[in-house]
Participant: 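Pasting a structure here, questions to come.
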Amino acid sequence: MSAMRCQKCEQQAAIHMRQHRLHLCKEHYLAWFVEQTERMIAKYNMFARQERILVAVSGGKDSLSLWDVLWRLGYTADGMYINLGITSEDDYSNASEEYARQFAEKRGLTLQVVNVAQNTGRTIPELARRTGWGKDRPCGVCGIVKRHVMNEAALQGGYQVLATAHNLDDEAAFLMQNTFQWNMDFLRRQAPVLEAGEGFARKVKPFCRFYERETAAYAILRDIPYIEEECPHSVGSKQLFYKEILNKLEVDHPGTKLQFYVGFLNARQGGLFTPAESGDEEGGRNLCPGCGQPTTSSGLCSYCKVTRE
Ligand code: SF4
Ligand code: ZN
Ligand code: ZN
């Protein structure tokens, strides 16, 4: 069997994307990936040239690729790394911080680092144990803290935009979970762009239509060193469960994930859901008296409850 050829230059293909019926060599793939990102930024009106962007960086392939692409496109994008204090055999948090730091240093980019234990006196697993929320998994508390820290950093730093590197696999899994539970609040708010409101900047997901293997291919072909280990607490999570189901569907029907997600966005635009009231992804319309961020609670927000004595 002859090797698959790039559809643009006849060189040997580095990647074959069944869902797009497209195979490309390294050079054309890297160019395609950057072009696609720019198309999504324009299509969903994510941000303008002169706006300042803060990228949430975890040290993994998705977020470092996103930062790299925004940098190559000439946007003003700083990075934000949150050290969660998660230890494991591989020293997950400190190791991933190192990847983020090296990435920034190599390109002369600005990386802000927030260390949760230094700020609150406790690591994420410690905060989770103390509150007893989420039983054996610290992810609920982790999400609350990350959201708070990012919102705060964006506002204090004067960034108009907060960019996260959620990919299609993340979005489709989240959508499937929320659909099975008919979680209307989350369904109303799941979008490539969440407009700014009181207490939070605009939130955007430029990679929401890339398959996970596409972002991985970009990082590898661009020679970006990244942390390959997943957070040890993600093992056995609902999100991974839904990702596996979607991967099985995708094998027999390439394009299933993309159809599912884009179909949802179209249905939303067509008025299937009543628009969400203002508030960020937590949906809050009140402002927390402790920290000033949006919350659904009439008293202290979840972050303040989790971190205060
Ligand atoms: Fe946080 Fe859970 Fe994700 Fe780990 S898996 S980073 S604890 S949300
Ligand atoms: Zn080519
Ligand atoms: Zn608060």
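Indexing begins at 1, ligand by ligand and atom by atom, following the structure's order.
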Participant: What do you reckon, is CD of Gln12 surrounded by more than 12 foreign heavy atoms closer than 6.0 Å?
Facilitator: no
Participant: Going by the atom numbers of ligand 1, which of them fall below 4.0 Å from some non-hydrogen atom of Leu84?
Facilitator: 6 (S)
Participant: What protein heavy atom sits nearest atom 1 (Fe) of ligand 1, and how far away is it?
Facilitator: Cys142 SG, 2.3 Å
Participant: Does Lys257 come within less than 4.0 Å of Glu214, counting only side-chain N to carboxylate O?
Facilitator: no
Participant: Within Cys139, is some N, O or S atom less than 2.8 Å away from atom 1 (Fe) of ligand 1?
Facilitator: no
Participant: Go through ligand 1 atom by atom and flag the ones less than 4.0 Å from a non-hydrogen atom of Ser234.
Facilitator: 5 (S)
Participant: Should Lys243 and Asp170 count as an ion pair when the cut-off is N to O under 4.0 Å?
Facilitator: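 Yes, this pair counts.
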Participant: Please compare Pro138, Pro125, Cys231 and report which has the shortest non-hydrogen distance to atom 4 (Fe) of ligand 1.
Facilitator: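 Among Pro138, Pro125, Cys231, the closest heavy atom to atom 4 (Fe) of ligand 1 belongs to Cys231.
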Participant: Salt bridge check, Glu195 against Lys203: does any charged N sit closer than 4.0 Å to a carboxylate O?
Facilitator: no
Participant: I'd like the atom name of the N/O/S atom in His28 lying closest to the Zn ion (ligand 2).
Facilitator: ND1
Participant: Please verify whether a non-hydrogen atom of Lys146 lies at under 4.0 Å from ligand 1.
Facilitator: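 Under 4.0 Å: yes for Lys146.
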Participant: Do we get Arg202 above Phe47's six-membered ring, with its NZ or CZ under 6.0 Å from the centre and within 45° of the axis?
Facilitator: no
Participant: Below 4.0 Å, non-hydrogen atoms only: which portion of Ile124 touches ligand 1? Side chain, backbone, both or neither.
Facilitator: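 Neither part.
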Participant: Using a 3.5 Å distance criterion without hydrogens, assess whether the side chain of Arg222 forms a donor-acceptor pair with backbone atoms of Asp68.
Facilitator: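 Not a single qualifying donor-acceptor pair exists.
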